[in-house]
Every structure is written in C-alpha cells, then in structure tokens.
Amino acid sequence: MRIPRNYSSALLSGRNRTGGNYSLLQSALSRTGRGKRLSRNAQLLSGLKRQSNLYANMAQSTGNTQKLYYNMKYHAKQVCEYGDKLADDSKTSVYAKAQESGSTAEIAASVKGFVSQYNSMLENLKESGSRTDNNYLSQLNSISGLNSSELASCGVNRNLDGTLTVDDKKLAQTDLETFQKVWGGRSGFAGRVTIWADSVEATAERNMDAQASTSYSKLFRNYGSSGNYFNFFG
C-alpha cells in the first residue's frame with residue numbers, strides 16, 4: 001500500500017501548539033518511554049512498601065518479645081527482693097521486728113507483695129513457652145504444690161494453675177511463729193522460690209540481649225539481600 005506523502009510528512013514532522021516542530025514518531029516513542037518509567041517507578045514504590053512492611057513487622061515482633069522478657073526480668077527481681085526479706089532470719093529481719101513490736105503487719109505486707117510478683121512471673125513464663133521457661137515453671141509449681149498446706153495456714157492458697165491467692169483476713173490473723181516457720185530461712189517457701197526466681201531473672205536478661213542481637217542482624221541481612229533500593233528492580 002502506498003502511503004501518501006502528506007501523511008508520511010505528518011508522521012515525521014508536525015507543528016505543536018506553541019509553533020515549534022515535533023515528530024509524531026518521536027512523540028509516540030516518548031509516550032512509550034514514559035509508560036515504562038511509570039511502570040518502573042510503580043514497581044520501585046511497591047518494593048519499598050513491601051520492605052517497609054517487613055521491617056515494621058520485624059520491629060513489632062522484636063518489641064513484643066523484648067517487652068515480655070523485660071517484664072519477666074522485673075517481676076523475677078521483685079520476687080527475689082521480697083523473698084530475701086522473708087527468708088532473712090537475722091536479728092534485723094521482719095520477724096525480729098515483729099517480735100519487738102508485737103505486730104506482724106510488715107510480714108503480711110511482704111507476703112502479699114511476694115504473691116503478686118510471683119503470679120506475674122508465672123504468667124510471663126507461661127507466655128514465653130520456651131523449654132527453659134517451662135522448666136522454671138514446672139519447678140516453681142512443684143515447690144508451691146509441696147508447700148500448699150503450709151501456705152494455706154498463712155492464708156495463701158494455691159490455685160490449680162499454680163498461681164497463689166491471698167485470704168487477707170486469715171493472713172492478718174497468722175501468728176509470728178507460723179509466718180517464720182513457713183516463710184523464714186533458706187529452706188522456707190520464700191527461700192526456695194528465690195533460688196529459681198534469680199535464675200529466671202538472669203535468663204530473661206540473656207534472652208533480651210540475644211533477641212536484640214538476632215533481630216538487628218536479621219534486619220540488616222534482609223536489607224543487604226535486596227541490594228540498593230534503586231537497583232532492586234533491574
């Protein structure tokens with residue numbers, strides 16, 4: 001088929017709105033190139049969004065785990081502090097003070113504080129679910145189970161899930177001798193639990209450090225595997 005001269009000329013050369021010359025063929029190529037650039041930019045933005053979501057999810061997961069271990073460490077430390085206070089049977093202990101003052105109020109307050117932190121520590125261990133934390137949980141449940149009747153004599157009742165509940169009225173009526181027998185000394189309930197709580201605290205701290213190190217290494221490794229964002233798609 002013969003192409004008319006005027007159509008051929010129009011294809012190769014024309015006049016734009018401002019009076020300048022332009023090529024229809026060049027314009028078509030320009031539109032094609034612009035489409036490719038737009039497609040490439042869309043791919044780039046999509047890739048950036050995916051990477052951003054990946055890093056955000058990773059950061060959130062790390063944050064949640066770190067929070068769990070932080071809480072575990074905090075509650076375990078509090079258990080140790082209350083436990084040490086209750087296990088102490090020296091001349092400056094809460095038992096010696098109670099003997100002198102005739103009031104067991106400070107002992108009762110320490111028992112309540114211990115129970116509250118103990119229950120929180122158990123919940124953290126359950127939430128973790130790691131083999132080590134499950135072992136700690138098993139050991140603590142065993143100790144409370146073996147001492148359930150003694151604890152009950154002080155108004156502290158063991159629940160089926162291993163947590164403890166305080167009967168405030170019975171706790172307040174507990175005499176000094178019973179308190180000291182159940183809670184005092186390193187062989188008492190507080191002293192035995194404190195040994196394991198100390199291990200829980202140390203393990204939680206190590207897990208916090210390990211989690212942070214692993215997560216940041218993974219973050220940079222994932223970034224490196226994708227290369228420079230501007231070279232990611234070609």
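Bear in mind that the values here come from a model prediction, so they are computed numbers and not experimental data.
Applying the side-chain contact (heavy atoms from CB on, under 4.5 Å) test to Ser90 and every residue at least two apart in sequence or in another chain returns Asp88, Thr92, Ser93.
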Hey, mind stepping through Thr203 and Tyr69 against side chain to side chain contact (heavy atoms under 4.5 Å, CB included) and telling me if it holds? CA-CA 9 Å; Thr203 300; Tyr69 286 131; over 6 Å; no
Determine whether Arg186 and Asp84 satisfy the following criterion, side chain to side chain contact (heavy atoms under 4.5 Å, CB included), listing intermediate values before the conclusion. CA-CA 9 Å; Arg186 290 300 164 186; Asp84 285 338; 3.2 Å; yes
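Between the OG atom of Ser187 and the CG atom of Asp89 there is a distance of 9.0 Å, given to the nearest 0.5 Å. The OG atom of Ser128 sits 7.0 Å away from the CG atom of Asn134 when rounded to the nearest 0.5 Å. To the nearest 0.5 Å, atoms CG (Asn119) and OG1 (Thr163) are separated by 5.0 Å. Here CD of Glu201 is found 11.0 Å from OG1 of Thr194. Values are rounded to the nearest 0.5 Å. Here the SG atom belonging to Cys80 is positioned 13.0 Å from the CH2 atom belonging to Trp196, to the nearest 0.5 angstrom.
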Acceptor/donor pairs from residues 139-153 side chains to any protein atom, 3.5 angstrom cut, sequence neighbours excluded:
| from | atom 1 | to | atom 2 | distance (Å) |
| --- | --- | --- | --- | --- |
| Asn141 | ND2 | Leu137 | O | 3.2 |
| Ser144 | OG | Leu140 | O | 3.4 |
| Ser144 | OG | Asn141 | O | 3.1 |
| Ser144 | OG | Arg158 | NE | 2.7 |
| Asn147 | ND2 | Ile143 | O | 2.7 |
| Ser148 | OG | Gly145 | O | 3.1 |
| Ser153 | OG | Glu150 | O | 2.4 |

Show every donor-acceptor pair shorter than 3.5 Å between a side-chain atom in residues 71-78 and any protein atom, with sequence neighbours excluded, or say none if there are none.
| from | atom 1 | to | atom 2 | distance (Å) |
| --- | --- | --- | --- | --- |
| Asn71 | ND2 | Lys67 | O | 3.3 |
| His75 | ND1 | Gln117 | OE1 | 2.8 |

Donor-acceptor contacts under 3.5 Å from residues 177-184 side chains, at least two apart:
| from | atom 1 | to | atom 2 | distance (Å) |
| --- | --- | --- | --- | --- |
| Thr178 | OG1 | Asp175 | OD1 | 3.1 |
| Thr178 | OG1 | Asp175 | OD2 | 3.1 |

Throw together a table of side-chain donor-acceptor distances under 3.5 angstrom for residues 104-115, partners on residues two or more places apart or in other chains.
| from | atom 1 | to | atom 2 | distance (Å) |
| --- | --- | --- | --- | --- |
| Glu106 | OE2 | Lys85 | NZ | 3.2 |
| Ser110 | OG | Glu106 | O | 3.0 |
| Lys112 | NZ | Asp168 | OD1 | 3.2 |

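Annotation: side chain of Asn159 is not in contact with side chain of Leu164 (no heavy-atom distance under 4.5 Å). Looking only at side-chain heavy atoms (C-beta outward), Val79 and Val193 come within less than 4.5 Å of each other.
Taking all atoms of both residues into account, the shortest heavy-atom contact from Gly83 to Ala190 is O-CB, 3.8 Å. Residues Tyr95 and Leu86 share a closest heavy-atom pair of OH-O, 2.5 Å.
For the salt bridge (Lys or Arg N to Asp or Glu O under 4.0 Å) condition, the pairs that include at least one residue of residues 115-142, sequence neighbours left out, are Glu123-Lys126, Lys126-Asp161.
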